[in-house]
Structure formats: structure tokens, C-alpha cells
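In what follows, chains carry the letters A, B, and so on, assigned in the order in which the sequence lines appear, proteins first and then strands, with residues in each chain numbered from 1. In this text the structure is predicted, and so the values were computed from the model without any measurement.
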Amino acid sequence: MRLSRYFMPTLREAPADAQIVSHQLMLRAGMIRQEAAGIYAWLPLGLRVLKKIEQVVREEMNRAGAIEILMPTLQLADLWRESGRYDDYGKEMLRIKDRHERDLLYGPTAEEVVTDIFRGYIKSYKELPKNIYNIQWKFRDEQRPRFGVMRGREFLMKDAYSFDIDEAAARRSYNRMFLAYLNVYARLGLKAIPVKADPGPIGGDLSHEFMILADTGESQVFAHRDLVEMGAPGPDIDWDGDLEPEVTRRTSLYAASDEMHDAARFEAMPEDKRMTARGIEVGHIFYFGDKYSKPMKALVTGPDGKDTPVQMGSYGVGVSRLVAAIIEASHDDSGIIWPASVAPFGAAVLNLRAGDAACDAASETAYATLTAAGLDPLYDDRDDRPGAKFAAADLVGIPWQLIVGPKGLAEGVVELKARGSGERQTLPLDAALRAITG
RNA sequence: CGGAGUGUGGCUCAGUCUGGUAGAGCACCGCGUUCGGGACGCGGGGGUCGCAGGUUCAAAUCCUGCCACUCCGACCA
């Protein structure tokens, strides 16, 4: 993409509304624009990142055996009356009437819809397990939206729903999602900790929140250090095999956020294993049995010929929140530092003297080569001063900056800067291109 | 939902107390000089001062109502 033809409205100053660094940087980098309280338009740069995160989530869901569908944003109130949640949900639910005075709502989540879909087709235990997910905009009319897309009213969520014949099978589905989530966060360059969450009225131990570590996180996290260092299981585990040992390895180590914290248990650990940190919640998984399937009569016939309500779990990832969360976890004074997996562009070519024949020629070569290599580069070909280009490239956080200037070219070299480490190398253009393309 | 606050060119803000020609910096347009970390000079464009009423010879400024947004607290991907 040539920057001169792109739409990337960067700001020198952060708008006064923005309180936290991710919000400030998203506005300054021209990623989003607020349209109303907690409601944002996604500008080109922001949309690129959002789509990349979405794709990582999608790939890991698919790998773990989940199947993507797309459910509507608008849902019929009658479905929620069946589950009993229409009256319970309160003012966070945005209620709408259509021209026929029918009650609709903008979905804050999709248990009812997915249960309705399931019961319409699946009748036998032989068709289980199933895990159905979608990545769709949700709306929760928060009393007080804040922090940009971190706590918006409209947000993009991946929500998956598992269906199993009994609790033991549901636990296997839960384990798949548990490990898949760790892989998602690892691919996004984040350190994530699964902490025990309030299981609600169902009880049991099948409820976890995933907290990513960031100094500016809203929650306090307490965890066994080994859990943090353990890393993700990786894509090559046997998703159809017994995942219980792998999950137990992690859940047996202490981890809790402030509301579930057990100080006595925490302090029973050796001091050098205790870790406290700030965290941002970016995922929540739980098993809720027949909470919806029973009232909504989503029944499956078991091997014994008897109908029983299907056992369900649900698994959410805040995709739009992750954009902000990654920035909170990865930035410096100059701007955002994107992990390569979600960077809006793979590399930037900074032509420090647009209009100069040598600079133009070398930049065009670099741009063409990086494009051909699939790096999806951003070429800053604007007629602007070097300082403005450096500042913009740092701000928007592209992993590689290939700096083409007249001084270097006179000596046959360009400069290659890695955004994350700040490391710079001066080397011939072809060597620089090889360094980026690997 | 309780409490507090703010609305003035795209952005950051002054001007409001004490009514009297709408301002600055950044951004934008033109010309020129510049050119390795958000340049400089000269010239220029852009604002019914959130909206609606009211008071007054005169309202960004005073009064009333409404709307939007932000912050603190209680609540949550």
C-alpha cells in the first residue's frame, strides 16, 4: 500500500477523551473513530488488525474442531422468553421493536439462538459432540462504557458453544477450548493465564477466565510462576485424544484474579513461585449443563433411547478488546509495537526523499520485492520530512522499517530498523530485503 | 444507576467570572526555502461558540430546558 493513496489519519496529540494508553494510541494511529459512547467506526488500519486477530482466533477454533457459522445481530425476544432471560437480563440488553411491534433485541450473546439452531437439526447422541462458533458484533448497553474498545457497548466477540451427551463428554469439549485459547493468545504474542472463575449457579470447576498480563490491566492476578512460564501447548497436540492431563497440569497450579483470590493458598506457595501482576480479561469459558437446553427443549436421544437435554458450554473471546489489550501489553513512548502475527502491515518502506531519483528507485524496488514476498508492505512515499515518517512508522507499530535515504544510498546502503527491539542495521538494500523476507 | 464535570474550526485549548469586532498552536491550501527523528517564512481557507427558548440596544459570555460526551463510584467479552 502506498501511503500517499491510503487513509491513515494519524494525530500528533491524543484527544482529551482518551484515558488509557491503548485508547490514545488507537486514536493517534487512526485506527478507530468514536461515533457515540462505546461505539466506534474502524478505520483502515484498525480494521486490518481486527481482521488479523479474528483470523488467528478462527484458525485455532477450527484446529480444535469447532465449526464456524454466522448468527444474526438481531434476535427475537420470544427466544429469550423461552430461556427466561428476557426479563432477567436487564438494561444492558438493547431492546428494539420492528414495524409490526414485535420485540427484538440486539444480541449481547447467542446461547438462545445457537440452542434454537441446534434443536432444529440434531436429535441423536451419534451426532455429538458438536462445537459451533461465530465471530459477530454484540451489543451490551453498558452503564458506563470507557477505555475505547476495551469496554465498548458494541464489540466483536468470538463465541463458541459446545454440545455433548453428558458431563464427561462436555468436560472433553471444555478441555479442547481451554487449550485452544492458550494457543490463540500465544499466537497473538501475549502471556495469558487461565484463572479460576466464578462458576455461577452450576457449580463445579469448569469455568476459567483468561487474563493477559499488562501493567495497565484492570484486575490483579495472583499465580504460580511456573504457570506463567509454561507457555502454550502448541498446535500439534492430539485434539481428539485425552487432554485432561495437559489441562490438569495447568489448573493444578494456583491462579486467581482478585475476586477469587485465596490468600492462604497463595501464601502457602514458596515465595519465589508467587507472582502478582496486572491483567486484562480477554476470554471466558464455562460449562453450564442444561441451563438453556432444558427450558428450550434441546433434547438428544441417548444410546439408551431416552431423550435428555444436551449438555452445553460456552466460550468467549473479546476480539475487539484484544486489539486494545495487545497494545496495552506491547507499546513504548513512540507508539504501538505489533506482534508480527497481527501487524497491519508486515514492513514499512520509508522513502526519506520522495522525488529523489535514487531514493524513489530503491524504494520502489524494496516495495515490489516485499510485496512479492507476501509481506504486505506499507510504502511511505509521501512528500514529507523524514521526522514525520519516522514518527508515523513508530506510532503505527509496523515490525520492520526499511529506511531509504539519500545519504545511505550514496554509500550503497539502507537502514533496517526492528520496531520491537529498536535494533538498527546499516546494510545494502538486497541484504536488508533478505533479512526481512527471511 | 448515584456523584462531578465538559461542550468554542479536524485536534489541543484560551476567551465565559466582569455581555460589546470569535482567538492561538497543530492540521489544511498556495508559493518559496528546506530535507536522517513530527522544519521555517510569506500569503490563504475554514467556526450560526452542542441545541432550543428567554433577558438585553447587544449573548460564546447571563437565565431556563433539552441533548451529547467525559470522569469518580457500584456493575461486566
Side-chain angles (χ1 to χ4, degrees), chain A residues 9-20 23-24 27-28 30 33-39 53 57 89-93 107-111 135-160 181 184 197-198 200 208-212 218-219 257 259 280-286 314-325 333-335 350-356 359 380 382-396 401-411 413-415 417 422 424 426:
Chain A
T10 57
L11 300 172
R12 285 180 79 152
E13 296 173 279
D17 290 351
Q19 300 297 311
I20 62 168
H23 190 195
Q24 292 170 352
L27 291 169
R28 287 191 54 211
R33 176 181 171 84
Q34 182 169 345
E35 292 296 335
I39 299 177
I53 295 172
V57 172
Y89 212 92
K91 291 195 144 188
E92 277 203 5
M93 179 187 279
T109 177
E111 280 84 1
I135 300 172
Q136 176 63 293
W137 292 93
K138 306 294 191 293
F139 194 92
R140 293 182 190 174
D141 202 354
E142 295 273 348
Q143 292 167 15
R144 194 180 155 210
R146 64 187 121 170
F147 303 147
V149 299
M150 190 77 83
R151 171 143 325 148
R153 291 194 290 174
E154 188 182 47
F155 58 96
L156 188 62
M157 182 166 87
K158 186 284 300 178
D159 40 321
Y181 271 40
V184 167
D198 184 355
H208 287 86
E209 289 175 349
F210 290 79
M211 313 290 297
I212 63 145
E218 281 189 273
S219 313
S257 59
E259 63 258 33
I280 301 170
E281 186 192 340
V282 289
H284 193 174
I285 63 177
F286 51 99
S314 91
Y315 314 89
V317 170
V319 175
S320 48
R321 172 180 282 188
L322 271 168
V323 179
D333 290 345
S334 302
L350 308 192
N351 183 345
L352 297 191
R353 191 75 64 85
D356 174 86
C359 287
D380 192 342
R382 296 173 301 173
D383 180 17
D384 212 335
R385 295 175 60 85
K389 301 193 178 195
F390 292 133
D394 285 349
L395 174 62
V396 305
Q401 294 173 16
L402 185 63
I403 299 160
V404 179
K407 290 182 186 169
L409 284 186
E411 296 168 23
V413 292
V414 297
E415 189 179 351
K417 175 179 163 185
R424 299 156 183 273
T426 301

Run the salt bridge (Lys or Arg N to Asp or Glu O under 4.0 Å) test against A:Glu111 and tell me which residues pass, sequence neighbours left out.
A:Arg85
Least distance between heavy atoms, A:Ser320 atom then A:Val149 atom
O-CG2, 3.5 Å
In whole angstroms, how far is the P atom of B:C69 from the CD atom of A:Glu35?
11 Å
By side chain to side chain donor-acceptor pair (under 3.5 Å), which residues pair with A:Glu218, not counting sequence neighbours?
A:Arg151
Distances under 3.5 Å between protein N/O atoms and the N/O atoms of nucleotides 4-11 of chain B, please, pair by pair.
none

Please name the nucleotide paired to B:C71 by Watson-Crick or G-U wobble geometry with both distances under 3.5 Å, or report none.
B:G3
Mind checking if A:Leu322 touches a base, just sugar-phosphate, or nothing, with heavy atoms under 4.0 Å?
nothing
Rounded C1' spacing from B:G41 to B:U48 in Å:
35 Å
Both distances under 3.5 Å, Watson-Crick or G-U wobble: report the partner of B:G19, or none.
none
Spacing of A:Arg12 atom CZ relative to B:A27 atom P, expressed in whole Å
6 Å
Using salt bridge (Lys or Arg N to Asp or Glu O under 4.0 Å) as the criterion, list what pairs up with A:Arg353, not counting sequence neighbours.
none
If I pick the C1' atom on B:C62 and the same atom on B:U56, what distance separates them, to the nearest angstrom?
10 Å
In whole Å, what is the span from the CZ atom of A:Arg382 to the C1' atom of B:A27?
13 Å
Give A:Lys91 one of three labels, base, sugar-phosphate or nothing, depending on what nucleic acid heavy atoms sit under 4.0 Å from its own.
sugar-phosphate
On RNA chain B, does the nearest nucleotide to A:Ala36 precede the nearest nucleotide to A:Phe390 from the 5' side, or the other way round? Give the residue.
A:Phe390
Taking only residues two or more places apart in sequence or in another chain, which ones pass side chain to side chain contact (heavy atoms under 4.5 Å, CB included) with A:Ala391?
none
Its contact letters, B for base, S for sugar-phosphate only and - for none at protein heavy atoms under 4.0 Å, make nucleotides 41-46 of chain B read ------
How far, in whole Å, is B:A14 from B:U61 if one measures between their C1' atoms?
14 Å
How many Å lie between CG on A:Asp384 and P on B:A39, as a whole number?
8 Å
Please list, chain by chain and in numerical order, all residues satisfying ring-ring contact (aromatic ring centres under 6.0 Å, His included) with A:Phe147, sequence neighbours excluded.
none
Looking at residues at least two apart in the chain, or sitting in another chain, which of them share a side chain to side chain contact (heavy atoms under 4.5 Å, CB included) with A:Gln143?
none
Any non-hydrogen side-chain atom of A:Glu35 less than 4.5 Å from a side-chain atom of A:Glu154?
no
Under a 3.5 Å limit on both distances, the Watson-Crick or wobble mate of B:G41 is B:C31
Reading nucleotides 71-77 of chain B from the 5' end, what letters show protein touch, with B for base, S for backbone sugar-phosphate only, - for no heavy atom under 4.0 Å?
BBBBBBB
Mind checking what makes ring-ring contact (aromatic ring centres under 6.0 Å, His included) contact with A:Tyr181, not counting sequence neighbours?
A:Phe210
Suppose we screen for salt bridge (Lys or Arg N to Asp or Glu O under 4.0 Å). Which residues come up paired with A:Arg385, at least two apart in sequence or across chains?
none
Calculate the interatomic distance between A:Arg28 atom CZ and B:G38 atom P; express it in whole Å.
13 Å
C1' gap between B:A22 and B:G65, integer Å:
26 Å
If the C1' atom of B:C26 is compared with that of B:C72, how far apart are they to the nearest Å?
31 Å
Atom C1', compared across B:G47 and B:U21: separation rounded to whole Å:
15 Å
Take atom P in B:G5 and the same atom in B:G10, then report the distance between them in whole Å.
28 Å
A:Asp333 atom CG is separated from B:G38 atom P, nearest whole Å, by 15 Å
Any strand is fair game: report the nucleotide pairing with B:A52 by Watson-Crick or G-U wobble, both distances under 3.5 Å, or none.
B:U64
Determine the Euclidean distance between corresponding C1' atoms of B:C51 and B:G44; express it in Å to zero decimal places.
32 Å
Between C1' on B:U33 and CZ on A:Arg353, what's the gap in Å once rounded to a whole number?
13 Å
Identity of whatever pairs with B:C26 - Watson-Crick or G-U, under 3.5 angstrom
B:G10
pair A:Lys91-A:Asp141: side-chain heavy atoms closer than 4.5 Å
no
State whether the side chain of A:Gln24 and the backbone N or O of A:Ala18 hold a donor-acceptor pair below 3.5 Å, judged by distance alone.
yes
The side chain to side chain donor-acceptor pair (under 3.5 Å) partners of A:Asp394 (sequence neighbours excluded) come to A:Gln401, A:Lys417
What is the distance, to the nearest angstrom, from the CG atom on A:Asp383 to the P atom on B:G38?
17 Å
